[in-house]
Amino acid sequence: MEKLTKLRSVAAPLMEDAIDTDVIFPARFLLLLERDGLGRYAFNERRGGNEPFVLDQPPYDKAQILVTGETFGTGSSREQAVWALADLGIRCVIARSFGEIFHANCFKNGVLPIRLQGEEMARMEKAARAGEEVEVDLPSQTIRVGDTAIAFEIEANRKRALMAGLDEIGAILSDDAEALAAYEERRARETPWLVLAPEQFGQIKSEEDAA
Amino acid sequence: MCPRTLYQKIWDQHVVTDYGNDEALLYVDRHLVQEVSSPQAFATIEKQGRKVRRPEAHVAVADHAVPTKRDGRRFADELAQAQVDRLKQNAKRHDITYLPMEGDRHGIVHVIGPELGFTLPGSVLVCGDSHTSTHGAFGCIAFGIGASECATVFAAQSLRQRRQKTMRVNLEGGLPAGVTVKDVILALIAKIGTGGGVGYAIEYAGSTVRDLSMESRMTLCNMSIEAGSRVGMVAPDEKTIAYLKDRPLAPKAELWDAAVTSWMSLRSDEDAVFDREITFDTSTLEPQVSWGTTPEHTLPVNGVVPDPETLQDDGKREKMRKTLEYMGLTPGTRLSDVAIDTVFIGSCTNGRIEDLRAAAKVLTDRKVSPGIRAIAVPGSASVKAIAEAEGLDRVFLAAGFEWRDAGCSMCVGMNDDRLSKGERSASTSNRNFEGRQGIGGRTHLMSPQMAAAAAIAGHITDVRDYL
Ligand code: SF4
């Protein structure tokens with residue numbers, strides 16, 4: 001995963017609430033098996049119409065930051081929505097709120113989701129519409145636009161992972177390996193009914209083979 | 001120990017490493033694997049040279065991309081065929097049980113998990129699909145994850161997560177005739193909004209919930225995600241136990257007895273405090289229909305299409321105008337006057353046996369209005385078999401419905417069943433997003449009996465006139 005520390009770019013305004021992941025990445029493209037190069041399908045139904053889509057218009061075609069409304073990325077869990085945005089060069093999404101799974105998916109792909117409200121959000125919207133340069137500084141958790149500095153929150157684990165471009169699987173298997181093994185042992189003792197034995201699948205497997 | 005909620009108890013039980021600040025490495029007992037979110041996840045672990053840590057903790061099935069008119073030949077859609085083939089190969093390579101389309105256990109992931117007894121109370125269950133919240137009906141923490149997290153679960157059988165806040169939704173007063181749990185959840189979402197549950201794990205409680213069947217509880221938890229909440233749950237009770245008994249993957253003999261003892265005590269403590277609590281009276285509810293492009297755009301069936309000009313906020317007014325333009329609706333139109341082209345009964349929300357029974361009851365001795373395409377798609381092969389044993393297929397067919405094989409079908413525009421531009425559906429699925437059922441398709445969400453009534457009338461209508 002590409003590291004993320006500081007971004008400087010215009011912020012593309014997509015001022016609409018409840019943009020769901022079906023809009024960001026329409027379902028029929030989910031049949032593709034790749035995860036790279038998906039940017040061309042992003043917002044497919046919103047592009048190529050009479051009004052040019054904001055991310056196709058200069059200066060926003062080079063934007064690394066997207067500013068949008070409430071519950072951005074609500075709906076389906078498809079990570080393609082994040083892969084497609086990242087492929088278009090978006091590394092940071094600033095919204096009033098997010099769909100939760102989309103929000104979690106961002107961190108796995110080097111994209112920083114930031115929640116802002118009230119005056120601070122109003123300032124961001126203004127900056128985005130005016131095509132002002134915005135700086136997002138992850139180490140200090142600050143957004144700078146003009147003379148304004150806006151602080152944002154992020155969980156410690158996620159911040160570390162984004163800054164280091166960390167692979168989560170590797171991190172768990174190295175930091176938590178012993179705890180995992182101990183947990184599995186305890187689980188077998190305390191809630192043995194949760195442990196599936198491969199033999200339990202025997203019946204199903206043979207039924208299916210006969211089918 | 002301080003009083004805890006159901007969610008918190010299961011969470012605590014699954015903490016592998018506590019990182020502080022409510023962040024933890026959470027153990028995952030079960031993972032359902034489907035064709036759309038898994039290819040990139042398998043590719044990730046293979047690229048890293050990692051193995052699946054516990055192959056028996058995963059079950060794979062193809063549901064989204066599969067055609068529901070199956071003749072044993074290769075799919076017409078090459079991409080869909082390739083995706084399903086890939087799932088089968090990946091499962092085989094990693095020693096994961098794969099349930100083939102032709103088999104008796106096939107179906108939509110969220111229908112077959114409980115049918116198999118793979119879904120159990122007190123567990124943590126995940127799937128690369130947002131409607132994983134369905135399984136919470138059994139009193140487990142079940143939530144949807146993205147493809148990267150699927151890869152993490154394959155390799156590490158755990159996820160770094162932050163504990164959710166908790167919300168209890170008390171549903172009280174029972175259900176009037178003609179009103180179902182689908183109407184309850186639609187009305188609830190209309191009330192609290194699609195963002196209303198963001199950040200919360202919802203526990204449904206109250207007299208209405210206690211009286212619900214397991215199927216209905218699944219419908220309720222299924223649509224929690226439409227209220228923004230990844231997790232919806234109901235504490236286990238006798239109904240839960242009765243549903244799970246003798247399911248193929250449920251524990252057996254002494255292990256079953258021990259499990260039942262544990263499950264029957266699994267509930268929120270009397271004095272547990274929820275971060276948010278709401279009570280919703282369901283006793284006077286009317287059948288609900290969605291009119292717009294998010295599930296919160298829902299009104300009672302006797303309502304009228306809202307007028308954007310009554311909105312103060314410029315952004316909201318503009319958004320509503322666009323929504324109505326997309327939906328092809330004029331403000332002030334009675335919802336019950338809106339004509340439809342297509343009726344879809346199925347999906348992980350309403351593709352269970354109870355749903356088919358309810359729709360069939362309305363359809364008995366009646367005919368689908370001329371010119372309407374109507375399809376009934378059982379949620380699983382097992383639901384289909386039960387329905388056929390009860391003769392429901394004949395009721396659907398006699399009324400003029402098509403009777404299909406199991407799959408996600410028209411819930412999601414990525415298989416052969418789609419709406420075309422401008423077509424309007426009465427649908428028992430869960431999402432009315434732009435393009436969800438096909439490019440330019442217009443979706444009206446409702447209960448199975450409401451959809452059946454719409455099929456007969458040719459327009460949206462109040463099912464209570466058909467009972
Ligand atoms: S039926 Fe619809 S909501 Fe359910 S898993 Fe399939 S596509 Fe998703």
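Side-chain atoms are counted along with the backbone in the values below, which use heavy atoms only and exclude waters and symmetry mates. Letters A, B, ... are given to chains in the order of the sequence lines, protein chains preceding strands, and every chain is numbered from 1.
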Determine whether a donor-acceptor pair (N or O, by modelled atom type, separation under 3.5 Å) exists between the side chain of [X] and the backbone of [Y].
| X | Y | answer |
| --- | --- | --- |
| Q40(B) | E34(A) | yes |
| E79(A) | S148(B) | yes |
| K108(A) | E149(B) | no |
| E56(B) | A197(A) | no |

Pull out the residues in [range] that come under 4.5 Å of chain B, heavy atom to heavy atom, sorted by number.
| range | value |
| --- | --- |
| residues 110-126 of chain A | none |
| residues 37-45 of chain A | E45(A) |
| residues 85-93 of chain A | none |
| residues 20-33 of chain A | D20(A), D22(A), V23(A), A27(A), R28(A), L30(A), L31(A), L32(A), L33(A) |

To the nearest 0.5 Å, what is the distance between [atom1] on [X] and [atom2] on [Y]?
| X | Y | atom1 | atom2 | value |
| --- | --- | --- | --- | --- |
| L196(A) | D29(B) | CG | CG | 8.5 Å |
| T191(A) | H14(B) | OG1 | NE2 | 6.5 Å |
| T294(B) | D17(A) | OG1 | CG | 10.0 Å |
| M15(A) | E318(B) | CE | CD | 13.5 Å |
| S76(A) | R431(B) | OG | CZ | 5.5 Å |

Next on the checklist: Under the criterion side-chain hydrogen bond (donor to acceptor under 3.5 Å, both in side chains), I'd like the reasoning laid out for T17(B) against D176(A): C-alpha separation, chi angles, the key distance, then a yes or no.
Outcome noted: CA-CA 7 Å; T17(B) 308; D176(A) 300 295; 2.9 Å; yes
Option that, when pairs with chain B are counted at under 4.5 Å, heavy atom only, ranks first among [options]:
| options | value |
| --- | --- |
| E100(A), Q80(A), R35(A) | E100(A) |
| A18(A), G75(A), A156(A) | G75(A) |
| D167(A), N109(A), V195(A) | D167(A) |
| I101(A), N105(A), T71(A), T74(A) | I101(A) |

Checklist entry - Are the charged groups of E184(A) and R54(B) less than 4.0 angstrom apart, N to O? => result yes
With a 4.5 angstrom heavy-atom cut-off, which part of [X] approaches chain A: side chain, backbone, both or neither?
| X | answer |
| --- | --- |
| F143(B) | neither |
| T44(B) | side chain |
| S158(B) | both |
| F42(B) | neither |
| E254(B) | neither |
| E23(B) | side chain |
| Y19(B) | side chain |
| D77(B) | side chain |
| L255(B) | both |
| A250(B) | backbone |

Checking heavy atoms, do the side chain of [X], its backbone, both or neither come under 4.5 Å from chain B?
| X | answer |
| --- | --- |
| R46(A) | side chain |
| A171(A) | both |
| A179(A) | both |
| N157(A) | both |
| E16(A) | side chain |

What pair of heavy atoms forms the shortest contact from [X] to [Y], and how long is it?
| X | Y | value |
| --- | --- | --- |
| I169(A) | A155(B) | CG2-CB, 3.6 Å |
| F201(A) | L249(B) | CE2-CD1, 3.6 Å |
| V15(B) | R186(A) | O-NH2, 3.8 Å |
| S123(B) | L194(A) | CB-CD2, 3.7 Å |
| A156(B) | L180(A) | O-CD1, 3.4 Å |
| R105(B) | I204(A) | NE-CG1, 4.3 Å |

Checklist entry - Is the number of heavy atoms from other residues, nucleotides or ligands within 6.0 Å of CD (E190(A)) greater than 12? => result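 Yes, CD of E190(A) has more than 12 neighbouring heavy atoms, counting only those of other groups under 6.0 Å.
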Next on the checklist: If you count heavy atoms of other groups shown closer than 6.0 angstrom to CG of N21(B), is the number above 12?
Outcome noted: no
Item to check | Parallel, tilted or perpendicular, as decided by the 30° and 60° cut-offs, for the rings of W263(B) and W193(A) | outcome: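 Rings of W193(A) and W263(B): perpendicular, as their planes differ by over 60°.
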Checklist entry - Between K252(B) and Q200(A), is a side chain to side chain contact (heavy atoms under 4.5 Å, CB included) present by the stated rule, with each step listed? => result CA-CA 10 Å; K252(B) 302 276 148 44; Q200(A) 283 180 272; 5.6 Å; no
Next on the checklist: Just so I know, are the side chains of I145(B) and S77(A) near enough to count as touching, which here means a heavy-atom distance under 4.5 Å?
Outcome noted: no
Item to check | Winner by heavy-atom pair count (cut-off under 4.5 Å) against chain A, out of I45(B), T293(B), V16(B), L79(B) | outcome: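 Going by pairs under 4.5 Å, I would pick V16(B).
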Checklist entry - Does the pair R160(B) and E168(A) meet the rule for a salt bridge (Lys or Arg N to Asp or Glu O under 4.0 Å), with working shown? => result CA-CA 8 Å; R160(B) 288 186 167 166; E168(A) 187 177 68; 5.2 Å; no
